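Note that the structure is predicted; figures quoted are calculated from it, not measured. Read the numbers this way: they start at 1 and go in the same order the structure lists the ligands and their atoms.
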Amino acid sequence: MSHSTDSGDGRQPEHFFADAARDAVYRAIFSRRDVRGQFLPDPIPDDMLARILTAAHFAPSVGYMQPWSFVLIREQAVKQRIHAAFAEANAEAAAMFEGQKQEIYRELKLEGILESPVNILITCDRDRAGPVVIGRTHIKAMDIYSSVCAVQNLWLAARAEGLGVGWVSIFHQSALKEILGLPERIIPIAYLCLGQVSYFHDKPELEKAGWRPRLALDELVYFEQWGQTDAAGAAALKTALREAQETAAGQRRFSADIAAESR
Ligand SMILES: Cc1cc2c(cc1C)N(C[C@H](O)[C@H](O)[C@H](O)COP(=O)(O)O)c1[nH]c(=O)[nH]c(=O)c1N2
């Protein structure tokens with residue numbers, strides 16, 4: 001790898017993204033959605049699927065463990081079994097909410113298993129790098145967190161490719177393991193539905209359904225100590241956080257407009 005000389009102040013210009021490239025990264029982040037209902041049946045080309053899986057594989061992982069594997073599910077018979085497992089768990093889930101929440105819950109579409117052309121289970125192999133792993137000596141769950149990093153990489157790469165992804169977690173883990181033949185040491189992390197979509201919602205569907213609003217980021221940032229909201233420079237940062245959150249909302253509306261125009 002070549003390292004060009006820096007600009008004199010220690011900064012290397014090629015490490016910075018051009019504005020358009022940086023904006024594209026943020027656009028993928030702010031316009032990413034959890035997709036359940038707008039899948040189109042079109043197949044995902046292999047080269048596109050390969051890029052998305054490669055993005056997932058380039059995620060960070062504790063001790064470079066790379067604990068993930070990817071089970072691709074494209075056959076309708078397998079999807080049907082997964083869908084049945086979802087339906088069973090979803091009926092149990094609905095009963096856990098009370099009153100109006102239960103009514104709203106029953107109206108929500110929470111998966112696109114059968115309609116999406118590709119389902120992917122991302123897993124975590126708890127033994128992939130032996131018993132002692134750098135960075136996982138004290139907090140064993142770090143391997144699971146690492147597999148979740150792969151999920152997020154995949155989700156964002158898919159969005160950049162124009163694909164929708166929906167994460168379905170309403171399952172008994174044992175059912176997923178049984179249907180897909182996972183060995184004991186392999187944990188199912190994320191069951192994802194992937195495909196082209198007719199459109200992306202401009203906001204999380206749960207926000208639109210009145211389930212929960214997006215929280216104000218400036219109220220979630222503390223200084224030095226949990227719960228401490230006051231510090232030198234705090235007011236300026238909080239103003240900047242509010243502005244950034246509004247800009248993010250604007251970007252996602254922009255994306256929705258483009259989607260609406262192309263429909
Ligand atoms: C770990 C985990 C698990 C699930 C989810 C997400 C994550 C991170 N989400 C999607 C979730 O509802 C969604 O991300 C939020 O509502 C925010 O919406 P956007 O992702 O911004 O569209 C989700 N959605 C759904 O319809 N069924 C599900 O079972 C799940 N499970």
Non-hydrogen atoms of H201 versus ligand 1: any pair closer than 4.0 Å?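 The answer is no, since H201 has no heavy atom less than 4.0 Å from ligand 1.
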Any carboxylate oxygen within less than 4.0 angstrom of a Lys/Arg side-chain nitrogen, looking at [X] and [Y]?
{"X": "E161", "Y": "R51", "answer": "yes"}
{"X": "E115", "Y": "K109", "answer": "yes"}
{"X": "E178", "Y": "R81", "answer": "yes"}

Lys/Arg cation over aromatic F30: R159, 6.0 Å, 45° cone: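 Relative to the ring axis of F30, which defines the angle, R159 lies outside at least one limit.
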Heavy atom to atom 12 (O) of ligand 1, shortest distance: which of E205, K109, Q152, R36 holds it?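 When every heavy atom of E205, K109, Q152, R36 is considered, R36 comes closest to atom 12 (O) of ligand 1.
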Can you say whether the rings of F86 and H83 are parallel (under 30°), tilted (30 to 60°) or perpendicular (over 60°)?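 Tilted, since the angle between the ring planes falls between 30° and 60°.
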Describe, in one word, how the ring planes of W167 and W155 are oriented to each other, choosing from parallel (under 30°), tilted (30 to 60°) and perpendicular (over 60°).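 Ring orientation, 0 to 90° scale: tilted.
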Minimum-distance protein heavy atom relative to [atom]:
{"atom": "atom 29 (O) of ligand 1", "value": "S169 N, 2.8 Å"}
{"atom": "atom 23 (C) of ligand 1", "value": "W167 O, 3.0 Å"}
{"atom": "atom 17 (C) of ligand 1", "value": "P204 CB, 3.7 Å"}
{"atom": "atom 13 (C) of ligand 1", "value": "D34 CB, 3.8 Å"}

Say whether R214, considering both its backbone and side-chain N or O atoms, lies within less than 3.5 Å of an N or O atom on ligand 1.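 Checking ligand 1 against R214, no N or O pair falls under 3.5 Å apart.
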Which bit of R33 gets closer than 4.0 Å to ligand 1, counting heavy atoms only: side chain, backbone, both or neither?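 Near ligand 1, R33 shows its backbone as well as its side chain.
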How does L110 reach ligand 1, by side chain, by backbone, by both or by neither, if only non-hydrogen atoms under 4.0 Å count?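 Both the backbone and the side chain of L110 come within reach of ligand 1.
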Could you check whether atom 25 (C) of ligand 1 has a protein contact, counting only heavy atoms that fall below 4.0 angstrom?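 Given the 4.0 Å limit, the answer for atom 25 (C) of ligand 1 is yes, a protein heavy atom qualifies.
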